[in-house]
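Remember, it's a predicted structure, so these values are computed and weren't measured experimentally. When a ligand or atom number is given, it counts from 1 through the structure's own listing order. Hydrogens, waters and symmetry mates are skipped; everything else that's a heavy atom, side chains included, is used.
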Amino acid sequence: MFARVEPLTTTRRLAGPFDYALPDAPVEVGSVVRVPFGRQALDGVVVALAATTEVPAEKLVTPTAVRADSVPPELVALALWMSDEYCSTPARALSLVLPPKGKPRTELWAARSGAALDGERLTDNQRALLGTLPRAAGGDLGALRRLEGRGLVTIAPRTRRRAPLTVPHADRAVDLTGEQEAAVAAVARGGAHLLHGVTGSGKTEVYLRAAEAALARGEGVIVLVPEIALTPQTVGRFQARFGDTVALLHSALGEGERYDEWRRLRTGEARIAVGPRSAVFAPVRDLGLIVVDEEHDASYKHEGDPRYDARRVAAWRVRAGDPAARPDAEHRDRSLLAGTATPRPETWHALPRLTLSERVGSRPLPPVRVLDMRGARHPLHPDTRRALTAARKAILLLNRRGWSNFLTCRTCGKVWECPQCDVALVLHRAEHAIACHHCGHRERIPERCDACGSPSVARYGAGTERLEAELAAALDVPVFRLDADTAGAKDAVPALLARFAAAPAGLLIGTQMVAKGHDFPDVTLGVVVDADSTLRFPDFRAEERTFALIAQLAGRAGRGPQGGHVLVQTTAPDAPAIVAAARHDARGFVTGELERRRALAYPPFADLIRIVCSSPAAAAPRAAAGQIAEAAASARSATVLGPAPLFRLRGRYRSQVVVKAHDRAAAIAAVRAAVDRAANDRAHRDVAFSVDVDPQ
Ligand code: ADP
Ligand code: ZN
Ligand code: ZN
């Protein structure tokens, strides 16, 4: 037998896999091996075992080491699929499913052997020591070894879990409503479902019961959440209900914690993996159910290569669990449960729907008033000011951080722009800087115009920092700001949310982060400032995003017995997304949006693939993009848009091509071939290529 190994290199040029002789240590599909490769040594993953090889015997080499932890074969197959599906490479895709680096932490565990102590001559100290067992030997190892020698104590190594910090959360048993019962029963039958229910309608309770049922059948569960820091409540409820059988996988874990959680899942000690998008690669045993909470959330899309979508990957894993795809056909179909108050048009179109039609306890959704801001001078409408003054606890969303959006010279008209990117620099007053939100470039706040010398520099627009300052001065409640600038430190977000939750009165102001799944029952007012800011994006998802943002923010208000209301400021009061969000009408919005998408041949009625060519040289990207556009146009039933210029980013000029495909597989194959050809063409050697299938 021979091992087919995919070496883990970053270059696109090496096309594996390569054959190796079998080492002495046992290897199987998913083994991580160290292999000689040319003059270097690389890690690689065994992707297949083969009976024959074309490599001549004298050239065949043997792996030098085999790692103790291996990748489950299902995840090897998943990575190879991702590599194709996202026009990436096997190595890059495999690196997402690798076991984390590390090894178990062991300690020496001492226990009484069971031998009777009668007649043993023991000092008081020894008796006291025996009384403390069982426990880790620690500093008493010497004394314990002597007792071990007398047969009174056993000492053995044992792994000690490095457990992540948990967020304790109260859990209570409830009787399911009829709709919840029906949803849990449907999930148990297998296949994929959308769980649509407004915030507070009991979706999380359905996830918990579906997970309980899966465990009872002997199956494992993956629960995907947008961001642990922003959704500690969901995680806390899973931990409260299932205890140590929950493994937490997220980016803030220490190396040892991450390793231990991964291994607990791999060995089957832990049965439920909870985490953000990368938890979709969790090595859960006998996977039976994947839950995607807040399925509309943009964080499920990965922005590095491969640009995978965790929702699509989850669907693949559920299908791979199909009895036809698995040899052990005893198993039932796996289940996928995607839940949200604001479903994506794609999900609505594709999945059978389970509905929770009202909030638990029939608490009404808060009324939403749209405030027309056309012609307004000040960022806050007078009614918003009045409402903020009257409210004890409120949340305000402004999807723009910083003090003001841009600076311009009143005399010559100069606009301060990033030297690396073609975008305006944003004023951050607390940091005494103007900053680029794309590349992080910073410079000092100008006192005068460096082009004409004028001291008259105007600041336009208002961001979260400025509104925070204004409202802190105007209101007599504490103001908390939550945006990428205040979220910096590791535990800053949970700490800030906890302070706001505990405060008897206060205003939480911030970017879209404030609209995530928080549950503050005493918030009675929600405000969206500049609701059309997302609508102005030149993107077919602008409507979908705007609807979700407003509806989600509205879901934060009025969750408690005092009720609440929501104000939405906009210069586009008649935009369908805003009108529908004000009515809490997800069904109306999605059906209208699907009609529009059908007419324009946008997803789900076509698949999009975006290719971005970039280079420090101005003309290079356009030439490469032109070649790709031409090649992609030959794919069956594909429409090619572009090349179109994009703004310069991090010093790189960019040009993009978008392919609208009606035959997904054919279009992906054509794009992959076109990009490979362009990447290997010496004419484009300064150009970098990025392929995004299903761009967000
Ligand atoms: P969602 O996930 O849709 O926001 P949750 O599952 O968090 O909703 O439910 C909202 C609140 O209602 C929670 O406090 C939950 O404990 C409670 N709840 C859920 N289902 C029921 C039920 N069947 N009976 C009583 N209370 C329930
Ligand atoms: Zn000037
Ligand atoms: Zn920049």
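Closest heavy-atom approach to atom 2 (O) of ligand 1 among the candidates Thr177, Thr204, Asp175: Thr204. Nearest residue to atom 8 (O) of ligand 1 from Gly178, Gly202, Pro521 is Gly202 (criterion: closest heavy atom). By heavy-atom distance, the residue among Glu205, Gln180, Arg172 lying nearest atom 17 (C) of ligand 1 is Arg172.
Taking a 6.0 Å sphere around CD of Glu303, one finds it holds more than 12 heavy atoms contributed by other residues, nucleotides or ligands. With a 6.0 Å radius and a threshold of 12 heavy atoms from other residues, nucleotides or ligands, Arg217 has its CZ atom above the threshold.
For Cys449 atom SG and Cys409 atom SG, the angle they make at the Zn ion (ligand 2) is roughly 110°, to 10 degrees. Rounding to 10 degrees gives 100° for the angle at the Zn ion (ligand 3) between SG of Cys439 and SG of Cys418. Here the angle centred on the Zn ion (ligand 2), running from SG of Cys412 over to SG of Cys452, is 110°, rounded to 10°.
Those atoms of ligand 1 that come under 4.0 Å of a heavy atom in Val198, given as number and element, are 3 (O). Which parts of ligand 1 touch Leu176 is read off a 4.0 Å heavy-atom cut-off, strictly below it: atoms 23 (N).
Under the 4.0 Å criterion applied to side-chain N and carboxylate O atoms, Arg401 and Asp483 are not assigned as salt-bridge partners. Using a 4.0 Å cut-off between charged side-chain N and carboxylate O, Arg444 and Glu431 make no salt bridge. One finds a salt bridge joining Arg344 and Glu295 here, because a Lys/Arg side-chain nitrogen approaches an Asp/Glu carboxylate oxygen to under 4.0 Å. In summary, Asp522 and Arg392 do not engage in a salt bridge, as defined by a charged side-chain N under 4.0 Å from a carboxylate O.
A cation-pi arrangement, defined by a distance under 6.0 Å to the six-membered ring centre and an angle within 45 degrees of its axis, is absent between Arg277 and Tyr300.
Listed for the Gln180 side chain is a donor-acceptor partner under 3.5 Å among the backbone atoms of Thr177. With hydrogens and angles ignored, the 3.5 Å screen pairs a side-chain donor or acceptor of Thr245 with a backbone N or O of Arg271.
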Report the C-alpha distance between Val527 and Val566 in whole Å, list the side-chain angles of each, state the deciding distance to 0.1 Å, and finish with yes or no for side chain to side chain contact (heavy atoms under 4.5 Å, CB included). CA-CA 6 Å; Val527 178; Val566 177; over 6 Å; no
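Less than 4.0 angstrom separates atom 22 (C) of ligand 1 from at least one non-hydrogen atom of the protein.
At a 4.0 Å heavy-atom cut-off, ligand 1 touches Arg237 through the side chain alone. With a 4.0 Å cut-off on non-hydrogen atoms, Arg359 does not touch ligand 1 at all. Proximity of Val360 to ligand 1, defined as any heavy-atom pair under 4.0 Å, is confined to the side chain (atoms from C-beta onward).
Residue Leu356 places no heavy atom under 4.0 Å from ligand 1. Ligand 1 is approached by Gly200 to a heavy-atom distance shorter than 4.0 Å.
At a threshold of 2.8 Å, the Zn ion (ligand 3) has no backbone or side-chain N, O or S atom of His438 nearer than that distance.
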